[in-house]
Amino acid sequence: MMPPETAETLTDVMKSIPDDANDGEQADPLFDGLTEPQTTAVQHVDGALLVLAGPGSGKTTVVTRRVAHLVQQGIPPWQILALTFTNKAAGEMAERIRTLLDERGIGGRGLTVSTFHSFCARLLRRYAEQANLSQNYTIFDGGDQRDAVKRALEQCQMSTKNWQPASVLSHISNAKNKLLDAAAYTAEASDFYSRSIAKIFNAYENILRESDAMDFDDLLLRVASLLRHNEDVRSELQQRFQYLLIDEYQDTNHAQFIIAHTLASGHGNICVVGDPDQSIYGWRGADITNILDFEDHYPDASILSLGQNFRSTGHILAAADALIRNNRKRKLRTLHTELGDGEKPALLIARDEHHEADLITTELQKLNTNEDIAWKDMAVVYRMNALSRVLEQAFRDAAIPYVIARGTAFYDRKEIKDALGYLRLIVNPRDELSLRRVVNSPTRGIGKTSFEKLELYAINEQVSILEAMEHASDIEGLSARAANAMQRFVKMILELRGACVPNDAGMFTGNVQITLPELVGQVIRDSGLEAEFKKKKTEEDEQRVANLNELVSAATEFCERVRDDDDPRDSSADPGVSLLNELARYLETVALVSDSDAIDPEKGAVTLLTLHAAKGLEFEAVALAGLEEGLLPHMRSIGSDEELEEERRLCFVGITRAKRHLLLTRAMQRTMRGMRERQIESQFVRELPSESVNTLDLSGGHDDFGGDDWDQPWRRRGGGRSGSNSLGVAGSASTRAGHADVSGISIGAMVRHPTFGIGHVEAITRRPAGSSARVRFNSVGTKTLILEYAKLEVVE
DNA sequence: CTGGTCATTTTTTTT
DNA sequence: AAATGACCAG
């Protein structure tokens with residue numbers, strides 16, 4: 001990497017501001033109302049820049065103005081690449097930059113603002129040949145990945161009992177994020193556990209290759225390796241993207257790090273923005289050292305810290321600050337606000353989750369009536385989606401408008417998945433997962449046994465399953481009925497594909513080139529999906545038909561949007577190829593939608609969302625529900641300091657979403673997956689400064705477990721202290737029966753954990769509130785586990 | 001082959 | 001509570 005000509009250290013920048021500042025620029029509204037470090041960031045043009053942007057520090061303003069400034073300086077927009085993590089963030093950033101440029105009468109055409117994943121997906125289509133890929137590959141979403149792992153396990157003759165798909169998948173994902181492919185992982189695998197994972201990994205990769213499919217991680221991995229191995233592509237992209245901007249840099253993983261730094265390696269013009277205190281994606285491979293070590297990667301980098309918070313009032317910020325100070329692995333930093341003390345956050349203690357939801361709706365109702373705060377300026381945040389159900393009910397009962405941020409919800413519906421399955425199969429006839437999904441849905445007489453015969457034939461004859469279906473009448477032992485159904489099925493798929501791609505004579509099915517929404521409509525009709533749901537008259541089925549129609553509308557919308565902001569560089573000449581391309585691109589955007597994409601500030605409704613989805617957003621009033629041990633921090637993180645600190649950051653993110661009103665809630669007991677459990681106050685609550693939080697115990701002081709006395713001799717009855725740390729602390733759900741098996745675990749014992757596998761017990765701490773054990777696992781190292789939660793099995 | 005019932009299992013966050 | 005999987009009668 002070449003040090004930029006105008007190398008600036010932090011002190012140089014600081015010194016240079018007064019006299020170096022261009023007078024004309026200072027007059028530009030682009031610099032209006034900015035603090036000194038903000039101005040410096042906006043002015044920065046060449047070289048590396050790290051912006052440490054605390055919550056509410058005006059990060060988006062700085063970033064968008066900086067890009068506008070670059071263009072104003074005469075840098076062609078198409079040389080600028082801005083990468084974000086969600087479509088929502090990308091869309092917002094693009095929109096705000098466009099507005100700034102429009103105001104100045106500058107064109108912004110060709111500017112790339114995209115998520116990492118969709119940027120990579122596009123590159124892989126454009127450079128499919130160089131990447132040794134087909135152009136019409138399928139992107140496997142989370143569900144597809146799970147199915148693929150299950151099939152891989154089947155092929156390896158391993159049981160999903162001992163090898164949980166989710167756990168296997170996270171190992172594979174972690175490997176890919178470190179740029180290890182199946183071969184590299186296998187080479188590194190030495191112990192039994194990782195060798196087993198390697199075996200599944202290889203089978204999984206085979207399935208993906210045969211299906212012409214890629215998972216989310218592949219998108220990054222393949223681009224990283226394309227950049228590494230193909231010099232032409234690398235230099236072409238380095239040439240094109242002269243200025244890089246990466247948002248939420250604390251959440252980048254190693255693959256993303258490599259992609260960004262390869263692109264920047266020629267010119268070194270890389271600006272990264274982030275906040276280590278808001279790093280909440282460690283579990284999916286985000287590497288916080290990327291941001292912490294940025295100075296090491298770019299010794300000449302300028303570093304700016306945006307510490308002033310323009311969002312929250314004093315007590316809210318004080319609570320957030322006090323909380324995050326408990327993280328030990330952290331650069332000390334102080335947050336300050338000039339918005340005054342404001343209102344103190346309130347902590348309400350509820351009896352159970354229903355009571356908690358009622359308290360929240362009541363409080364929000366008050367804010368709406370008394371303070372005139374609009375519904376859309378309020379949010380309820382929580383650790384797990386499972387908590388949204390009860391809240392939703394309470395909002396319905398209270399007649400308060402609400403929206404749940406679940407961008408994927410629509411595409412998770414059965415009928416939509418089916419319709420998309422057909423579409424995927426049209427684009428990519430090798431997509432076996434989709435084929436399996438739709439081949440008998442709606443039912444057309446191709447059941448399990450017939451399909452197995454078909455598969456066998458396909459393997460023996462070395463043809464794809466779809467090809468085998470064409471020859472169904474040749475398959476021995478297949479009923480004529482099934483063979484017939486198969487041939488009809490394959491004919492339908494080929495005809496639909498023929499509507500997208502001209503045949504040898506240059507003709508389309510039906511002789512006319514149709515549009516994407518027309519194709520979607522045809523799929524819904526030809527597949528029999530529509531008829532399937534139209535014949536029954538239940539409300540549910542009517543809804544399904546409506547959803548299918550909605551899918552046609554979504555396709556229409558997609559086409560309109562693409563036409564608007566299409567980069568002329570990407571357009572393909574052949575109109576026949578382009579419907580297929582368009583479909584492929586549509587399926588790509590569908591695969592990459594995220595929950596936060598669904599957040600629509602225009603809707604006059606309270607937003608319900610997870611803490612993860614809340615990052616980057618702000619609301620006048622925020623309720624943070626479920627401040628209980630096991631929930632926040634989540635059960636699975638207790639026992640690992642690193643994960644516990646990430647949970648604390650998550651709580652920090654939640655608190656700092658609030659501008660003026662913050663409501664914290666917890667319940668004394670909560671029903672989860674059908675079991676009522678007594679809940680303990682979150683340790684994070686104790687870390688909040690009492691002078692900044694008003695605690696109010698509304699649980700009624702009693703702690704009854706449904707009138708049932710149980711056998712809890714330690715429990716004090718009646719007259720419990722109000723406020724925090726009351727009865728709940730002693731009354732953990734721990735010593736209940738059912739966890740009795742703990743006795744067999746002793747130091748030195750060999751145990752099996754559902755996720756971590758086999759390990760040896762190194763130490764045991766026995767406590768009435770819950771005993772814990774330190775276990776050294778063969779695969780993942782040492783973990784401290786709470787015995788009552790960890791389903792440890794003694795292995796003889 | 002289909003469509004029902006019954007039993008078992010599940011414990012997070014997401015591109 | 002809900003979702004998956006196994007099993008069985010038509």
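Order of the sequence lines sets the chain letters (A, B, ...), proteins ahead of strands, with each chain counted from 1. The figures here come from the full heavy-atom set of this structure, side chains too, leaving out hydrogens, waters and symmetry mates. What you see is a predicted model; the values in this text were computed from it and never measured.
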Could you go through nucleotides 2-5 of chain B and list every protein N or O atom that sits under 3.5 Å from one of its N or O atoms, giving the distance for each pair?
residue	atom	partner	partner atom	Å
B/dT2	OP1	A/Gly445	N	3.0
B/dT2	OP2	A/Asn440	ND2	2.9

Q.
So that I can tick it off, tell me whether A/Glu455 and A/Arg151 are bridged by a salt bridge, with the cut-off set at under 4.0 angstrom between side-chain N and carboxylate O.
A. yes

**Q.** Donor-acceptor side-chain pairing of A/Arg678 and A/Gln669 below 3.5 angstrom
**A.** no

Q | C/dA6 to B/dT11 separation - C1' atoms, rounded to the nearest Å | A | 23 Å

Nucleotides 6-9 of chain B: which of its N/O atoms have a protein N/O under 3.5 Å away?
none

Q: Tell me, please, which residues at least two apart from A/Arg284 pass side chain to side chain contact (heavy atoms under 4.5 Å, CB included).
A: A/Phe85, A/Tyr281

Q: Look at A/Lys453 together with A/Glu476 and state whether they make a salt bridge at an N to O cut-off of under 4.0 Å.
A: no

Review item, nucleotides 8-10 of chain C N/O atoms under 3.5 Å of protein N/O:
none

(Q) Any base atoms under 4.0 Å from A/Lys615, or only sugar-phosphate, or nothing? Heavy atoms, all strands. (A) nothing

(Q) For B/dT14 and A/Asn385 - does any side-chain N or O of the residue sit under 4.0 Å from the phosphate oxygens OP1/OP2? (A) yes

Q: Indicate yes or no: does A/Asp181 engage A/Lys176 in a salt bridge with an N to O separation below 4.0 Å.
A: no

Q) When you check the phosphate oxygens OP1 and OP2 of B/dC1, does a side-chain N or O of A/Ser450 lie under 4.0 Å from one of them? A) yes

Q) How about A/Glu356 and A/Thr665: does a side-chain donor come under 3.5 Å of a side-chain acceptor? A) yes

Q) With respect to the phosphate group of B/dT15, does any side-chain polar atom (N or O) of A/Ser594 fall under 4.0 Å of OP1 or OP2? A) yes

Q.
What is the separation between atom CG on A/Leu631 and atom C1' on B/dT13, rounded to the nearest whole Å?
A. 12 Å

Q: Would you kindly say whether A/Ser594 and A/Asp597 are connected by a side-chain donor-acceptor distance under 3.5 Å?
A: yes

(Q) Under the rule for side chain to side chain contact (heavy atoms under 4.5 Å, CB included), what residues qualify as partners of A/Ala82, not counting sequence neighbours? (A) A/Met93, A/Val113, A/Leu245

Q: Report the residues that fulfil side chain to side chain contact (heavy atoms under 4.5 Å, CB included) with A/Ser279, sequence neighbours left out, ordered by chain and then residue number.
A: A/Gln250, A/Asp251, A/Ile288, A/Arg649

Q.
Quick check: on DNA chain B, is the nucleotide nearest A/His634 upstream (toward 5') of the one nearest A/Gly142, or the reverse? Name the residue that is more 5'.
A. A/His634

Q.
With a 4.0 Å cut-off on N to O distance, would you call A/Asp144 and A/Lys417 a salt bridge?
A. no

Q: Look at the side chain of A/Lys150 and decide which nucleotide, out of C/dT4, B/dT11, B/dT12, has an atom nearest to it.
A: C/dT4

Q. Do we get A/Arg125 above A/Tyr137's six-membered ring, with its NZ or CZ under 6.0 Å from the centre and within 45° of the axis?
A. yes

